[in-house]
Number of protein chains: 2
Amino acid sequence: MSTMQEVAKKAGVSKATVSRVLSGKGYVSEATKDQVYKAIEEAGYRPNLLARNLATNKSQCIGLVVTNTLYNGSYFSGLLSQAAQKLEDNGRQLILVDGKHSAEEEQAAIQFLLDLRCDAIIIYPRFLTIDVMDDIIEQYKQPIMVVNRRLRKHQSHCICCDHKGASFNATKYLIEQGHRDIAFITGSLDSPTAIERLSGYKEALNQYGITPQDSLILKGKWTPASGAAAIELLLSNQTTFSAVLASNDDMAIGAIKTLSQTGIAVPDSVSVIGFDNIPTAPYLHPALSSVKDPVSDMMNEVIDRLISMLDGGYLSKDNLFTSNLLIRESVSKGPFWGK
Amino acid sequence: MSTMQEVAKKAGVSKATVSRVLSGKGYVSEATKDQVYKAIEEAGYRPNLLARNLATNKSQCIGLVVTNTLYNGSYFSGLLSQAAQKLEDNGRQLILVDGKHSAEEEQAAIQFLLDLRCDAIIIYPRFLTIDVMDDIIEQYKQPIMVVNRRLRKHQSHCICCDHKGASFNATKYLIEQGHRDIAFITGSLDSPTAIERLSGYKEALNQYGITPQDSLILKGKWTPASGAAAIELLLSNQTTFSAVLASNDDMAIGAIKTLSQTGIAVPDSVSVIGFDNIPTAPYLHPALSSVKDPVSDMMNEVIDRLISMLDGGYLSKDNLFTSNLLIRESVSKGPFWGK
DNA sequence: TTGTAAGCGTTATCAA
DNA sequence: TTGATAACGCTTACAA
């Protein structure tokens with residue numbers, strides 16, 4: 001692969017001039033410009049991004065850390081391409097790094113991106129605690145944004161949404177439909193999102209004078225299989241229920257599958273609602289209703305802020321994000337299908 | 001961020017020694033090692049990967065080019081995380097770049113990875129023609145592998161599978177079940193995979209003395225919506241059919257949705273088979289049967305070859321891949337569900 | 001076992 | 001309008 005030096009030689013100019021032509025900065029006569037372009041063409045020259053990044057101390061890359069349990073599924077894929085597109089429109093590249101299955105690995109992923117000298121980092125955390133993230137943000141000068149967690153110290157560096165409220169509303173909706181025995185399938189309980197959704201459910205029940213029943217609260221793991229297992233448990237215990245609220249669509253799908261196989265009509269005998277509203281949701285099962293999760297909105301917001309910060313020059317971190325936590329209220333119920 | 005120089009100073013040694021400690025190459029006494037480690041700790045030092053990559057002319061990164069229409073969906077996501085994991089187990093990172101919606105953009109994606117000095121590149125092409133790819137492979141010294149296309153010149157640089165045969169077998173299966181009016185929903189016809197699947201269908205019909213009917217061949221676009229539209233067209237034309245073979249699961253799902261809404265029982269009145277066997281397939285619809293697509297096997301194979309090449313040292317490109325095209329015969333039919 | 005110094009391919013600051 | 005030349009932070013002969 002030819003270097004800038006070779007191009008310079010071919011064009012009969014210096015490296016510096018070639019660099020100027022390429023960057024468009026500084027004055028270069030039209031004549032030499034032409035020569036340089038011709039030389040570039042001839043040499044099949046391509047700039048070495050590593051060298052450029054090293055020299056400029058910029059990479060034009062934004063890192064994203066996500067655990068693969070999240071991006072390995074229909075939930076995250078749309079988000080990903082949307083984020084990548086948005087960044088590219090701004091002349092940047094998205095680098096995705098797997099946060100894997102532990103806080104340590106999530107941290108390692110962040111470190112890797114830092115080591116790569118990414119211009120900024122977006123974290124969609126799964127295991128990392130708020131305190132650790134607050135520390136990390138303090139430690140590095142690269143802007144780091146956290147999605148879907150409420151940080152304590154650096155509130156301007158995070159964006160999250162009201163999972164509890166969304167869950168509350170979904171439960172309320174079911175109650176208003178006349179349901180009183182509403183089963184709830186939780187997500188993995190080491191996830192704040194799962195906790196918030198559970199508490200929204202409980203709060204709604206309480207508010208309507210219904211005592212939450214332990215027997216109606218099933219521990220799931222976000223997977224269709226765990227949703228199916230939850231329903232099986234319910235049935236084998238002969239617990240009465242007329243509605244199911246699952247903490248995500250995947251579990252709702254698993255739940256519906258088991259119900260259908262057992263000959264229980266959805267939604268005629270049992271109503272099922274999930275969360276996240278994954279893109280294929282409308283096709284997944286005619287009886288699945290879902291509460292939208294605004295991750296894609298959040299991601300857009302994060303990228304906007306990041307870009308305006310990076311492009312905006314030397315804004316101080318603390319002043320940049322004047323708006324507070326972005327809370328979105330987002331319960332959009334899909335229709336019950338198939339009647 | 002502190003540099004190696006600073007660490008060296010702190011430890012009272014030279015940069016070179018620090019480098020040796022870090023890389024584990026060359027002799028360093030235990031005593032100085034300890035000092036260096038202490039200094040690293042104290043300084044909170046982290047190596048600058050850009051600088052290292054520039055110096056070594058290696059990035060430990062493997063690039064993957066995929067069009068977002070592919071990775072934005074349940075089809076590719078599993079594959080992605082699997083590939084990333086496999087590479088990481090080998091101390092490498094996967095960089096995913098969007099091939100977008102045209103041959104030019106796919107080429108640009110490849111260029112970007114080349115410019116980043118990725119150690120190797122994997123292309124899952126959508127628009128790029130075989131000839132262009134053959135040219136590119138010739139042009140660069142980085143190993144470039146192509147998945148799901150049969151190259152002309154550099155057969156050792158590609159891995160593909162027998163879509164036609166799989167489609168043939170699926171059609172044959174339906175015929176053997178007694179179906180004669182089998183509708184076929186194609187994928188986008190600018191895709192070789194779509195063409196191959198269509199020709200497998202036709203060939204099977206011909207072999208069993210059934211003349212392919214134009215009215216039974218519907219043009220789809222890989223999306224659930226286009227699958228649904230295809231069935232609507234069929235119904236509005238009052239074309240007779242007792243089975244549907246859709247060129248991928250997404251379209252099959254769309255097809256099933258329309259059939260169900262119209263009150264046509266699947267699979268009692270109409271059998272539906274899709275392709276690709278996406279992970280959620282078993283949960284998508286009880287009546288969906290699917291033919292497995294071996295992409296994940298192919299991807300594994302590609303990575304294995306790439307790694308063995310990169311690690312193996314100075315093997316010449318031409319001699320490395322002694323095995324020929326990897327053709328996998330892979331028709332694993334799921335059971336018809338729900339009876 | 002360690003240090004010196006020459007790269008790696010750019011950018012960017014000065015002079016000219 | 002251009003050319004030297006010093007960074008950028010690391011690796012790696014080659015010497016010592």
Side-chain angles (χ1 to χ4, degrees), chain A residues 1-37 39-40 43-61 91 111-112 114-119 140-142, chain B residues 1-37 39-40 43-61 111-119 140-142:
Chain A
M1 281 200 156
S2 52
T3 73
M4 189 175 266
Q5 184 62 265
E6 289 165 37
V7 172
K9 199 170 161 190
K10 252 200 176 70
V13 297
S14 74
K15 270 196 303 180
T17 303
V18 177
S19 178
R20 276 185 211 108
V21 173
L22 249 38
S23 68
K25 290 177 177 175
Y27 300 95
V28 186
S29 77
E30 287 302 318
T32 43
K33 248 187 204 166
D34 289 347
Q35 287 170 36
V36 169
Y37 281 128
I40 287 177
Y45 168 76
R46 296 245 99 215
N48 182 327
L49 258 32
L50 290 178
R52 201 213 296 284
N53 293 345
L54 180 61
T56 55
N57 199 27
K58 288 203 179 105
S59 69
Q60 302 295 73
C61 284
Q111 267 310 347
F112 174 74
L114 250 15
D115 294 348
L116 256 189
R117 297 301 183 267
C118 277
D119 295 344
Y140 298 95
K141 64 171 193 308
Q142 285 104 321
Chain B
M1 283 201 153
S2 52
T3 73
M4 188 175 267
Q5 184 64 264
E6 289 165 39
V7 171
K9 199 171 160 187
K10 252 201 177 71
V13 298
S14 73
K15 271 197 303 181
T17 303
V18 177
S19 178
R20 278 186 209 107
V21 172
L22 250 36
S23 68
K25 290 178 179 179
Y27 300 93
V28 186
S29 76
E30 286 302 318
T32 44
K33 250 187 202 165
D34 289 347
Q35 287 171 38
V36 169
Y37 279 129
I40 287 177
Y45 168 77
R46 294 246 101 213
N48 182 327
L49 257 32
L50 291 177
R52 175 183 294 176
N53 293 344
L54 180 61
T56 55
N57 199 26
K58 290 204 177 106
S59 68
Q60 301 294 75
C61 284
Q111 268 308 348
F112 174 75
L113 292 168
L114 250 15
D115 293 349
L116 257 188
R117 298 300 185 268
C118 276
D119 294 345
Y140 298 95
K141 64 171 191 308
Q142 285 104 323

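First the proteins, then the strands, lettered A, B, ... as listed; each starts at 1. Quick caveat, the model's predicted, so the values are computed rather than measured.
In this structure, A:N57 places its CG atom 7 Å from P of D:dG9, rounding to the nearest Å. Remark: P of D:dA13 and NZ of B:K25 are 9 Å apart, rounded to the nearest angstrom. Between B:Q60 atom CD and D:dT11 atom C1' the separation is 14 Å, expressed in whole Å.
Summarising the geometry of A:M4 relative to A:K15, their closest heavy-atom pair is SD-O, 3.8 Å, with the distance given to 0.1 Å.
Between A:Y27 and D:dG3 there is no side-chain polar atom (N or O) within less than 4.0 angstrom of OP1 or OP2.
When atom types are taken as modelled, the side chain of A:T56 and the backbone of A:R52 share a donor-acceptor pair closer than 3.5 angstrom. Judged by distance alone, the side chain of A:D119 and the main-chain N or O of A:Q60 form a donor-acceptor pair under 3.5 Å. In terms of modelled atom types and a separation under 3.5 Å, the side chain of B:S23 and the main chain of B:S19 share a donor-acceptor contact.
Using a 4.0 Å heavy-atom distance criterion, A:R46 is classed as a sugar-phosphate-only contact. Nucleic acid contact for B:N48: sugar-phosphate only, since backbone atoms but no base atoms lie under 4.0 Å from a heavy atom of the residue. Within 4.0 Å (heavy atoms only), B:S19 reaches at least one base atom of the nucleic acid. Nucleic acid contact for B:S23: none, since no nucleic acid atom lies under 4.0 Å from a heavy atom of the residue.
Remark: B:L49 CG to B:S59 OG distance equals 9.5 Å, nearest 0.5 Å. From A:R46, atom CZ reaches atom OG1 of A:T3 across 14.5 Å, with rounding to the nearest 0.5 Å.
Nearer to the 5' terminus of DNA chain C, by closest-nucleotide assignment, is the contact made by B:S29 (compared with the other of B:T56 and B:S29). Nucleotides of DNA chain C nearest to B:A55 and B:K33 differ in position, and the one nearer the 5' end is that of B:K33.
Of all nucleotides in DNA chain C having an atom under 4.0 Å from a heavy atom of chain B, the first and last in 5' to 3' order are C:dT1 to C:dG9.
The A:V13 side chain lies nearest to D:dG3 when the options are D:dG3, D:dT11, D:dC14.
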